[in-house]
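Input: a single structure, listed below in structure tokens.
Indexing begins at 1, ligand by ligand and atom by atom, following the structure's order. Nothing here was measured: the structure is a model prediction, and the numbers come from that model. All values below come from the heavy atoms of this structure, side chains included, with hydrogens, waters and symmetry mates left out.
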Amino acid sequence: MELNIALLHGDGIGPEIVDSAAAVLEKTASEFGHKINFTPYLIGGAAINAVGKPLPQETINGCLASDSVLLGAVGGPEWDDLPGDQRPEKALLGIREALGLYTNLRPAKLYPALRSASPLKAEIVGDGFDIMIVRELTGGIYFGDRGFREGRYGQEAYDTEAYSVTEIERIGRVAFEATMKRGKRLCSIDKANVLESSRLWRKTMHTLAEKYPEVQYSDMFVDNAAMQLVRDPKQFDVIVTSNMFGDILSDEASQITGSIGMLASASLGDGKRGMYEPIHGSAPDIAGQNKANPIATILSGAMMLRYSFGLAEEADRIEKAVNKVLEAGWRTADIIGSSERTPLTCTEMTEKIIEVL
Ligand code: NAD
């Protein structure tokens, strides 16, 4: 298979981790007889510095012409004083919109080898957990009607949560399909005891659930879900939820794995093309020092093979290689804990994974 992949390095540690993931993808492709063509495009602060805007049209065109997109991270103190609509982070919403990406898949996996990195007690995490959060990405309160008006207590600001049946159905379908490929347990999270939009969400999910009799479906209120994630994370297989609830719960879920440098994500739309990126930011505090953990971006590359190209065996190979390197005790500085070994650099960790591949 020939894979045309757009690389968006971005800022801070972005270039280091994207190059690491590209090297791992290259190695995997050669092992399985595929050919990858990588084309880099500018995004974020790097694009501001080069051409004066965070998301150049050439980048949008390049991503649209590619089969899939791998992104590092954007932003940094150098651009923090720019007005909101000119900041590097603005490019993220723009590129998601341009590519029609309405689903965010965020696995929160605690590897057995990294049990001690979790802030949760050993008896809660057991031998690790593996949750997939499916978050709606382009609807709800982040995109709803907003503004200022005269209210009961004078001037007030408002934001609106609105979801259509169409939007709920399309994210629901993605979640049910993802659940069928995993442990067949799906929990839909809402606030149907208070919000009208959540009641429609729940009703629509129930209708969909009838089409997936093999899936063990449940509902949960978001406040309870926030508690259950730290009380008993192993009860969850796949979670589906709205944009804002997903934003909050996926950060909570990533925190209980103990390492932000390990977690991948995928943003998907209707076609095969997706945008794959680590959940962390550009880590300006360690940028350019070869200290970053490349694993989140490497695992994002594995997700790309699985979800955009249907190359499950190739994706498994990368995930197993990461697991093996961790089981062997190799660590970058962010996950070293109390180990007496010297932490690996970003390049060394990448080489270890490639060696196992
Ligand atoms: P951050 O995720 O960049 O960093 C938080 C902490 O985690 C830092 O101490 C950092 O060194 C560490 N860290 C993050 N990734 C790591 C890795 N791979 N290996 C080792 N350590 C890692 O979050 P922040 O400091 O809040 O934000 C920094 C910049 O990134 C800001 O400009 C922010 O807007 C931007 N940001 C971008 C994205 C994105 O591009 N998707 C997401 C979040 C934040």
query: How are the rings of Tyr212 and Phe176 set relative to one another: parallel (under 30°), tilted (30 to 60°) or perpendicular (over 60°)?
result: parallel

message: Please verify the inter-ring angle class for Tyr217 with His206; under 30° counts as parallel, over 60° as perpendicular, anything in between as tilted.
response: perpendicular

message: Tell me whether Asn243 contacts the main-chain N or O of Leu137 through its side chain, where contact means a donor paired with an acceptor under 3.5 Å.
response: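 Yes, the answer is positive, given that a donor and an acceptor are paired below the 3.5 Å cut-off.
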
message: Donor-acceptor pair, distance only, cut-off 3.5 Å: does the side chain of Asn293 make one with the backbone of Cys346?
response: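 No, because the side chain of Asn293 does not come within donor-acceptor range (under 3.5 Å) of the backbone of Cys346.
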
Under 3.5 Å, N or O to N or O, is [X] touching ligand 1 that way?
X	result
Ala73	no
Lys291	no
Asn293	yes

Between [X] and ligand 1, which residue portion shows a heavy-atom distance shorter than 4.0 Å: side chain, backbone, both, or neither?
X	value
Ile13	side chain
Thr297	neither
Ile260	side chain

statement: In ligand 1, the atoms that come under 4.0 Å of a heavy atom of Leu92 are 39 (C), 40 (O), 41 (N)

- prompt: If you count the atoms of ligand 1 from 1 in the order shown, which ones are under 4.0 Å from a heavy atom of Glu89?
  reply: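 Selected atoms, number and element: 31 (C), 32 (O), 33 (C), 34 (O), 35 (C).
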
Out of [options], who gets a non-hydrogen atom closest to [atom]?
atom	options	result
atom 29 (C) of ligand 1	Gly281, Ser265, Ser282	Ser282
atom 11 (O) of ligand 1	Leu8, Ile279, Asp285	Asp285
atom 28 (C) of ligand 1	Pro284, Gly75, Ala333	Pro284

- request: Could you tell me whether atom 26 (O) of ligand 1 has at least one protein heavy atom nearer than 4.0 Å?
  value: no

message: Within the protein, is there a heavy atom lying under 4.0 Å from atom 40 (O) of ligand 1?
response: yes

message: Are the side chains of Val230 and Glu252 in contact, using a 4.5 Å heavy-atom criterion?
response: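 In short, these two side chains touch, coming nearer than 4.5 Å.
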
query: Does some side-chain heavy atom of His280 sit less than 4.5 Å from a side-chain heavy atom of Ile13?
result: yes

message: Considering non-hydrogen atoms of the protein only, which is the closest contact for atom 21 (N) of ligand 1, and what is the distance?
response: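 Result for atom 21 (N) of ligand 1: Ile286 CD1, 3.7 Å.
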
field: Arg273 versus Ser68, side-chain donor and acceptor atoms under 3.5 Å
entry: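 Arg273 and Ser68 do not have a side-chain donor-acceptor pair below 3.5 Å.
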
- prompt: Under 3.5 Å, is there a donor-acceptor pair between the Asp270 and Tyr102 side chains?
  reply: yes

query: Does ligand 1 have an atom that lies less than 4.0 angstrom from a heavy atom of Ala296?
result: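 No.
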
